[in-house]
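Working notes, structure below.
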Amino acid sequence: MPTTEPSGAGARPALDPELARRCYLDMLTARRIDEEAVALQRQGVFPAYVSLRGQEAAQVAGALAIDAERDFAFPTYREMGVALAMGVDMPGYMASHRALWHGGLYDPAASRFAPINAVVGGPVPHAVGWAVGERLRGGPGCAVAYFGDGASSEGDVHEAMNFAGVYGAPVVFFCQNNRWALSVPNERQVAGGSVAARAAGYGMPGAEVDGNDAAAVHAAMAEALERARSGGGPTLIEALTYRVEPHSTSDDPTRYRDLAEEHAWRERDPIPALRARMEADGSGDGAFFAEAEKRAAERAEAVRDAVAAAPEPDGSDLFTHVFREPTEELARQRRVWREEVEL
């Protein structure tokens, strides 16, 4: 019978030492890339950027349970940490924020990471469609649909979850509840106070986890993926976290959010929390953390330099992916464009 599991239920999950080290390095690298990206936006290289700061555990730890050889992730515009953990080409991914190409310059099919989707709730029906198709072809993969607490109120999300529940689709619905749907708090747009509780209405298990606890997120995602692979159908995971930065670089959260709330959540930063846990259980020491900081900074700088130097695509790309078979009118427009360019 579908249940909603409260945060902290049962024994606290643990991370294998090697997995903990990988998780920490990827979380720290995501943080450093995020910092470089904000700086690039302030310098005018990116027209806009959406920060993931504070959500690194929810993204990275969960993504490390995904099998990048057979599963497929469907992100929103904020899942940079998922992309990093899944091995996506990061300059290619970050190129989307520079507006060089819709969805970035990486290969979504090879990366098993769909193009960035800025439609609120948009990735969710896509994930369900892929999951149903994967099952029909007899494949072993699962889909992971990423969305936020605000998107959980969208009709597309409800329809997709109902469809997945009826057809037993191998998909994990992963909601990062970062408390604010842009400027609207949870209590004003999530009826019942919990996204995970809605799972029962769709005939699937729902799990509410501490999104700042890397081990808890990883355990929940691994369990949900295993359930889907074994024919148990979909799962809804609600990772409770917080967006400590503005919704985007064009947002001003001081207009709707209390600074005391932000400061309180900054004290619950998932990266120092994982470090403290690793120091306590012996899976990380001073040398490891110093090396991780060095590697994360070097990786972030390399991504920054590569995306800033990436050449703009040829304007002919405007006509390349409009139709499977180009029409005469499209061919005419392309000829006119080329003649104007060559003048």
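Note that these values count all heavy atoms, side chains included, but never hydrogens, waters or copies made by symmetry.
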Test item: Ser153 side-chain N/O and Gln189 main-chain N/O as donor-acceptor pair under 3.5 Å: yes

Min side-chain heavy-atom separation Glu261-Tyr242 under 4.5 Å: yes

Show me the side-chain donor-acceptor pairs of residues 82-94 shorter than 3.5 Å, one per line, residues at least two apart or across chains.
{"unit_1": "Asp89", "atom_1": "OD2", "unit_2": "Gly92", "atom_2": "N", "d": "2.8"}
{"unit_1": "Tyr93", "atom_1": "OH", "unit_2": "Met80", "atom_2": "N", "d": "3.3"}

Check against side chain to side chain contact (heavy atoms under 4.5 Å, CB included), Asp26 and Glu56: CA-CA 9 Å; Asp26 282 356; Glu56 292 89 352; over 6 Å; no

Arg299 side chain to Thr29 side chain, donor-acceptor N/O pair below 3.5 angstrom: no

CZ/Arg295: more than 12 non-hydrogen atoms of other groups inside 6.0 Å: no

Pair Val307-Leu40, side chain to side chain contact (heavy atoms under 4.5 Å, CB included): steps then yes or no: CA-CA 10 Å; Val307 71; Leu40 286 173; 3.9 Å; yes

Residue pair Cys23 / His218, side-chain heavy-atom distance below 4.5 Å: no

Side-chain (Ser51) to main-chain (Arg53) donor-acceptor, under 3.5 angstrom: yes

Arg268 to Trp265 six-membered ring, cation-pi geometry met (6.0 Å, 45°): yes

Selection residues 155-168 - residue pairs positive for side chain to side chain donor-acceptor pair (under 3.5 Å), sequence neighbours left out: His158-Tyr202

Audit row: Arg179, Leu240, side chain to side chain contact (heavy atoms under 4.5 Å, CB included) steps and yes/no: CA-CA 8 Å; Arg179 313 287 168 159; Leu240 301 174; 3.6 Å; yes

Parallel, tilted or perpendicular, as decided by the 30° and 60° cut-offs, for the rings of Tyr24 and Phe288: tilted

Main-chain N/O of Ala20 paired to Arg277 side chain as donor or acceptor, under 3.5 Å: no

Atom pair CG/CD of Asp317 and Glu312 - distance to nearest 0.5 Å: 11.5 Å

CD/Glu291: more than 12 non-hydrogen atoms of other groups inside 6.0 Å: yes

Test: Asp149 and Arg243 ion pair at under 4.0 Å: no

Considering all heavy atoms, the nearest Gly62-Met221 contact: O-CG, 3.3 Å

Full working for side-chain hydrogen bond (donor to acceptor under 3.5 Å, both in side chains) between Asn178 and Thr241: CA-CA 5 Å; Asn178 62 20; Thr241 183; over 6 Å; no

Side-chain touch Gln333/Phe319, heavy atoms, less than 4.5 angstrom: yes

Side-chain (Glu238) to main-chain (Val195) donor-acceptor, under 3.5 angstrom: yes

Non-hydrogen atoms of Arg42 and Thr249 that approach each other most closely: NH1-O, 3.4 Å

Derivation and outcome, side chain to side chain contact (heavy atoms under 4.5 Å, CB included), residues Asn177 and Val190: CA-CA 10 Å; Asn177 185 342; Val190 177; 5.6 Å; no

Within 6.0 Å of CD in Glu328, more than 12 heavy atoms from elsewhere: no

Pair Asp67 + Arg70, salt bridge at N-O below 4.0 Å: yes

CD/Glu187: more than 12 non-hydrogen atoms of other groups inside 6.0 Å: yes

Verify same cluster id: Leu182, Leu259 (apolar side-chain graph, 4.5 Å): no

